[in-house]
Amino acid sequence: MNDVLVDVQDLEVHFPVYGSGLIRSHINDVQAVDGVSFQIRRGETLGLVGESGCGKTTTGLALLRLIEPTGGTVTFDDIDMGSLAAGQLRTLRRRVAMIFQDPYASLDPRMSIGKIVGEPLDIHDLARSRTDKHRRVGDLLEMVGLSPDYRNRYPHEFSGGQRQRVGIARALATEPDFIVCDEPIAALDVSIQAGVMNLLEDLQRDLGLTYLFIAHDLSAVQHFSDRIAVMYLGRIVEVADRANLYEHPHHPYTEALLSAVPVPNPVVERSRHRIILEGDVPSPIDPPTGCNFNPRCPKVFEPCASQDPVLTAAGGHDVACHLYGGEA
Amino acid sequence: MSGSTEFDRLATKPVSRTRETLQALVANRLAVAGLIVLSLLVIVGIFGEVIAPYGINDIDIPNRLTRPSGSHWFGTDELGRDVMSRVLIAARVSLQVGFIAVGFALVVGVPIGLVSGYYRGTIDSVLMRMMDVLFSFPAILLAIAILAVLGPGVGNAMIAIGLVYTPIFARITRGSVLVVSGEVYIRAARSLGAGDRRIIFRHILPNVLAPIIVQTTLSLAFAILSEAALSFLGLGVQPPNPAWGRMLAEGRNFFEQAPWMGIFPGLAILVTVMSFNFVGDGLRDALDPKQKSVIESRGQSV
Amino acid sequence: MTEPILEVNDLRVRFGTKRGVAEVVNGISYDLHPGETLAIVGESGSGKSVSVLALMGLLAQPPASVLGSARYRGEELLGMPAKDLRSIRGKRLAMIFQDPMTSLNPVRTVGYQLIEPMALHLNLKGGPARERGLELLELVGIPSPDARFSDYPHQLSGGMRQRVMIAMALACDPDVLIADEATTALDVTTQAQITDLVAELQQRIGMAVIWITHDLGVVASIADRVHVMYGGRFMEQAAVDDLYATPHHPYTEGLLGSLPMPGPDRPERLMTIPGLPPDPVTMPSGCSFAPRCTYADTDRCLQAVPPMELLGNLHSTACFYPLAVAR
């Protein structure tokens, strides 16, 4: 059995932009995801972190073909996802699942939570009988810390954290191998976030799950992931395991990101040297030539504005930076 | 530990959206009044002949054009027929035409809207352009044109009115489908492996019902009004069957001598249309998500 | 210790709702001194934003009812006639909000909105107003202020818009700046820019800042003193170092324990606080936090509201069984 469960090569998602007027010609592309490659091993958690507009959520959606990629390949357990026909893709969806960011919008408001959690069982015809389905839905609700007594309640009767748990139970219904978690705690209160994070950790341990954990909260990603990939403007700039990324960030953007995250410790905060970046994140419609980060990079030098750096191995990290030999 | 659980906040019984909506509706006095009137109307529609004291064609020339009195509450018309009996029995036709016409518009318009809004692209353009063509004609003119082709009569009036109201149902459905299609729970359903059919019928349709329901009640009001207009012009219900619109037309000729011939059918139309409007407005308010409980606010800083 | 510039005493805010009276702020008291940065930290529903909206007279009464006292330089703000309040609000007490897209008028240029408070309070118009406007844009670090002056809010990024809001707030040299979740909607690198900017401006102008937030990281990086708010009341008030090093209130301990701490070591399991925040319409009797508190004693904690007691140097807690945990 291959150790690598998910293999993404040069994934590309470009959204066309059309001009206005009678003949709406294709004038440009939003390069939301621009050549992203990474691998996720069985049982590990890969964190995908970046700020708004970096393309991390689009990557997660494209991974599961919820958005069609415009280029590149995604291989799941040696199966090329792009080559699957609709029926085969549907069958594959039993093995991969997604948890969404907004607990208020990711549950159909007209369905009871029992029906919501049971729907995957219906779609894939997994329950042997009504009693079987009833029991399984009850088990799933219990697994995420919700009482099965509430299966007939509706989403709006629950809090954000509880709804997120329903979303998790739904994702587990088909016993998937791999779950894409798209900002699962971002919309929750601080004191509730910990509970959901602990739950996800427990489930991984008990069920042997593999996760792609997408978030903008670097502290949460660092806590939760085994390895972390940092994205900027549609590209991955660095991949490293959690300890290494924290202690020895290579890419200047990673450094800036780490230094910008406030630490809940005032003594540490006072003694920190903050790297303050100039300017704002450019638009993915019009990315800079060469390295996407070069206009804001404090360590920019000669090749940066003209050559795209390539993700290369450098001391345990993969970095896309000319400082670390990023020439193609 | 004091044992407050995170489920203390749940109400004692499950509260579905439908239940909440009905509760809100019942709280609206005008809507309730409208519902009562409409129920009475339906009863009259079904049991018209039993309730009415006279027949629709009980011609009684000696007693023609008598004013409202104990034996004829709404007076008599130019042939001595009891106006009230005719008004009551005409209710059935109006309701029939209204419901069937709107039923037609629903059965044709909603699926068009579903397909258009869900699949978009070329099919959407084609279907919507077709709807635009229908929409661009003033309703009455279009209905008259259709009847000119099909010939007058109740059945054809139903088809004509139905066709006239199809575009609005298609439009409204399509608009809601566009919004709902973009919701995260639809994407979630896809991620589970749900196919188009399941998504459209189990997820999208229940969530777009609200505006369709509101539009149905409002269209019923308009349909009845349209039927009255058509029969006023002699194109709908044919004599001797009574219809409110035609009674208005006939009443016009005798307006000075016997105004009651026109007033009562007119009042009937008014009351019916208003009742549908009240119910429709009440439904719209009850279904308005902004009215839902305060606690549901999403992440607003407090 | 200099005279406090703002003195809040037993502030209470209630709202009339369909379901009953919502007690959103239940008696908070604090002082603000010139030049200091005070953080009021709490989760959603704690009442922290409503409390400052009440201060600024921005709550419609009814349905709100505001009780208690809030004195700015000795003058009582609550109940002040609208005309007088308007001359303080925007001029001496300024506020910036979470979402600059909805707090800026989308159909007016940046320049117009910048000049508005100046025209209103300082009677500056035309040329001199524009000059001051450009000065302010430079002060908040907006490049090419000339060009930005005639831009519309949607043409600027989130970070830029927030800077414009800050410029507007500073237009009349306020004594107090209230930042209500001002960086919550921003990316972390932009957040760093903004917190840096506010700190720098504070040094330069000498204004006091009240920072409303739920982010304990931001608090650690900018605050001098911290008030932890829950269920409409303060649970703990302390200098920032003391709060993080030695939290005395179980809620503070729970909050700090539930945060993932970045670091190279194997992460520990996060602490959780069971239950949910209270519903303001059905506030529990006794301590707001007692229903969720692992240390709570049913007899005392659920019956009476613990008073705020001084436990150390500037460190107070409202708890019958305060902790003395060194972290």
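The structure displayed is predicted, hence computed values, not measured ones. Worth knowing before you read on, the calculation uses all heavy atoms, side chains too, and leaves out hydrogens, waters and symmetry mates. Convention: sequence-line order gives letters A, B, ...; per-chain numbering from 1.
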Colleague: Non-hydrogen atoms of chain B under 4.5 Å away: do they reach the side chain of I67(A), the backbone, both or neither?
Modeller: side chain

Colleague: Count the heavy atoms of every other residue, nucleotide or ligand shown that sit under 6.0 Å from CZ of F15(A), and state whether that count exceeds 12.
Modeller: yes

Colleague: Do the non-hydrogen side-chain atoms of R187(B) and L61(A) ever get within less than 4.5 Å of each other?
Modeller: yes

Colleague: Looking at F104(B), I'd like to know if its CZ atom is crowded, meaning that more than 12 non-hydrogen atoms belonging to other residues, nucleotides or ligands lie closer than 6.0 Å.
Modeller: yes

Colleague: Ignoring hydrogens, what is the shortest heavy-atom contact between G193(B) and H124(A)? Give both atom names and the distance.
Modeller: CA-NE2, 4.4 Å

Colleague: Around atom CD of Q23(B), are there more than 12 heavy atoms from other residues, nucleotides or ligands closer than 6.0 Å?
Modeller: yes

Colleague: Does a sphere of radius 6.0 Å around CZ in R129(B) hold more than 12 heavy atoms from other residues, nucleotides or ligands, not counting ones at 6.0 Å or beyond?
Modeller: yes

Colleague: Is R198(B) in contact with chain A via its backbone, its side chain, both, or neither, using a 4.5 Å heavy-atom distance?
Modeller: side chain

Colleague: Just do the side chain to side chain contact (heavy atoms under 4.5 Å, CB included) check on M111(A) and N207(B) with the steps written out, would you?
Modeller: CA-CA 10 Å; M111(A) 288 171 75; N207(B) 282 290; over 6 Å; no

Colleague: Could you check whether atom NE2 of H14(A) has more than 12 heavy atoms from other residues, nucleotides or ligands sitting under 6.0 Å from it?
Modeller: yes

Colleague: Checking heavy atoms, do the side chain of L107(A), its backbone, both or neither come under 4.5 Å from chain B?
Modeller: backbone

Colleague: Considering only heavy atoms, which portion of L92(A) lies under 4.5 Å from any heavy atom of chain B: side chain, backbone, both, or neither?
Modeller: neither

Colleague: Less than 4.0 angstrom from a charged side-chain N to a carboxylate O is my criterion; do E119(A) and R202(B) meet it?
Modeller: no

Colleague: Nearest heavy-atom pair of A188(B) and R170(A): which atoms, and what distance?
Modeller: CB-NH2, 3.5 Å

Colleague: Check each atom of P109(A) against the heavy atoms of chain B and say whether the ones under 4.5 Å are side chain, backbone, both or neither.
Modeller: both

Colleague: Please report the interatomic distance CG(L66(A)) to CD1(I186(B)), rounded to the nearest 0.5 Å.
Modeller: 12.5 Å

Colleague: Locate the shortest heavy-atom distance separating A105(A) from E183(B); write the atom from each residue and the value.
Modeller: CB-OE1, 4.4 Å

